[in-house]
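Residue numbering restarts at 1 for every chain, and letters A, B, ... go by the order of the sequence lines. Quick note: numbers below take in every heavy atom, side chains included, and nothing from hydrogens, waters or symmetry partners.
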Number of protein chains: 2
Amino acid sequence: MDGSPASAAHQSPWMPFESRRRARDAKREAVLRTAVQLFLEQGYHGTTLNDVAERLNITKPALYNYFRGKDEILYECWAIGQERVDDCIAEIDSGGGTGLTKLRKLIVRYAEVMTTDYGKSLVRFDVRDLTEHNRKIVRTAKKKIDRAFRAYITDGIADGSIRPCDIKLSAFAIAGSLNWIGHWYQPRGALPAEEIAKEFAIRLTEGLAAKQLRKKAGKPPASVKRVRGGTR
Amino acid sequence: MDGSPASAAHQSPWMPFESRRRARDAKREAVLRTAVQLFLEQGYHGTTLNDVAERLNITKPALYNYFRGKDEILYECWAIGQERVDDCIAEIDSGGGTGLTKLRKLIVRYAEVMTTDYGKSLVRFDVRDLTEHNRKIVRTAKKKIDRAFRAYITDGIADGSIRPCDIKLSAFAIAGSLNWIGHWYQPRGALPAEEIAKEFAIRLTEGLAAKQLRKKAGKPPASVKRVRGGTR
């Protein structure tokens, strides 16, 4: 043991501030990861904070170091899923391409998010279980996703890559198919997320694509043959 | 007042058996109609039996004359929606037509069911809130719907009306769009249920339809122009 300050810090039974922050973040993240799994397995109302604590080998009061309650955990799970979708939209918005290209990109990325636990949070839980304040944030964010789908279809009609259609209905039809992934997708299913995403990007836009682009879209992707027959 | 048996029955403070049965059925149905509205408005967990009783101007104990508990009410609401879908499938199965024709019929009918309160029960509530016994019935019935979609696609591929595709993924994509209607459809929206159903029958199959049939499917229906721009 020498008397240098660095070594003294290491001898302290308390971790240095930066390490403590990281450990806290890691623990917080572990709570969310475990909670979202349990919510998906047992339902939000079928899961108690005791269930979450037990799976983490901690006590229920220890959970309150990280979250004020179950609904805050639910909100945070949802927020992670939403952030991933927001990132996709920002990336697509900052890139180029026709409306159809942007729409297909969003379908691929959104489908991939939907196969993850946090992505499933966006569609499997009831916003009415959140506080009034958080519920408003979620509803506004949901509208943002809907607006992105509509915007890319609108862009596509303007640039000729998508043929005229009922924009709202088309956006709902696409979003519905994608959101449904969050209900049926099982990680141990035979079909990898990327294959589903690619297939949906073709399948969900082939009717919308303008004639000269439809042929390309209508051709089943090379992946389809490989994946046929094994969704779960 | 004469002394005939018929008149005596009318004088009784109790209704004749047949009228009593009908009155009971009507009351039971009123409970379901009110409950499903409240479940959709406030969420299943956000609704108490007191809320249901209050809206019906009866007491909570009076509800127990008709149902053993909230989860039985939820199950019965679901069962009515399911029965409507089962009827559609039976009707389509007993009729003729190509796989594509049958698929489009199912889309139209299923979309219409999804715009009703009982139809929404099929997709808005959590089966885990039901008893073990009823949960199994619901899960089996859900599989039956999925099987119908897959069967018509399979028929269509066999009879040449639908081009080869990943059957499971195509069925999921279609079912997802339709189930999503149960989340966004509002009866006071600008778009009538029949228009949505017709539009979806075209939109969701135009990529699947075999080439010679696709042109017909790709043509937007006459209704599209009328409905554009007003979904809610």
Inset, instruction - Grab the two heavy atoms, one from Leu40(A) and one from Arg128(B), that are nearest each other, plus how far apart they are. - result: O-NH1, 2.7 Å
Legend entry - Any side-chain heavy-atom pair of Asp126(A) and Asp126(B) under 4.5 Å: no
Legend entry - Residue part contacting chain A, namely of Leu178(B), when any heavy atom lies under 4.5 Å: neither
Legend entry - When Gly43(B), Ser170(B), Gly46(B) are compared by non-hydrogen pairs under 4.5 Å with chain A, the top option: Gly43(B)
Inset, instruction - Under the side-chain contact (heavy atoms from CB on, under 4.5 Å) rule, what do Phe200(B) and Leu169(A) come out as? Steps first, then yes or no, please. - result: CA-CA 8 Å; Phe200(B) 268 45; Leu169(A) 270 197; 3.7 Å; yes
Inset, instruction - Kindly give the heavy-atom pair with the smallest separation between Trp180(A) and Ala175(B), and that separation in Å. - result: NE1-CB, 4.3 Å
Inset, instruction - Check Arg203(A) against Asp166(B) and note the closest heavy-atom contact, atom names and distance. - result: NH2-N, 4.4 Å
Inset, instruction - Determine whether more than 12 heavy atoms belonging to other residues, nucleotides or ligands lie under 6.0 Å from atom CD of Glu54(A). - result: no
Inset, instruction - Give, as side chain, backbone, both or neither, the part of Leu204(A) having an atom under 4.5 angstrom from any heavy atom of chain B. - result: side chain
Legend entry - Most contacts with chain A, counted as non-hydrogen pairs under 4.5 angstrom, among His45(B), Gln42(B), Arg124(B): His45(B)
Legend entry - Gap between atom CH2 of Trp184(A) and atom CG of Asn179(B) - 0.5 Å precision: 13.0 Å
Inset, instruction - Answer yes or no: is there an ion pair linking Arg163(A) with Glu206(B), defined by an N-O contact shorter than 4.0 Å? - result: yes
Inset, instruction - Kindly assign one of parallel, tilted or perpendicular to the pair His183(B) and His183(A), based on the angle between their ring planes and the thresholds 30° and 60°. - result: tilted
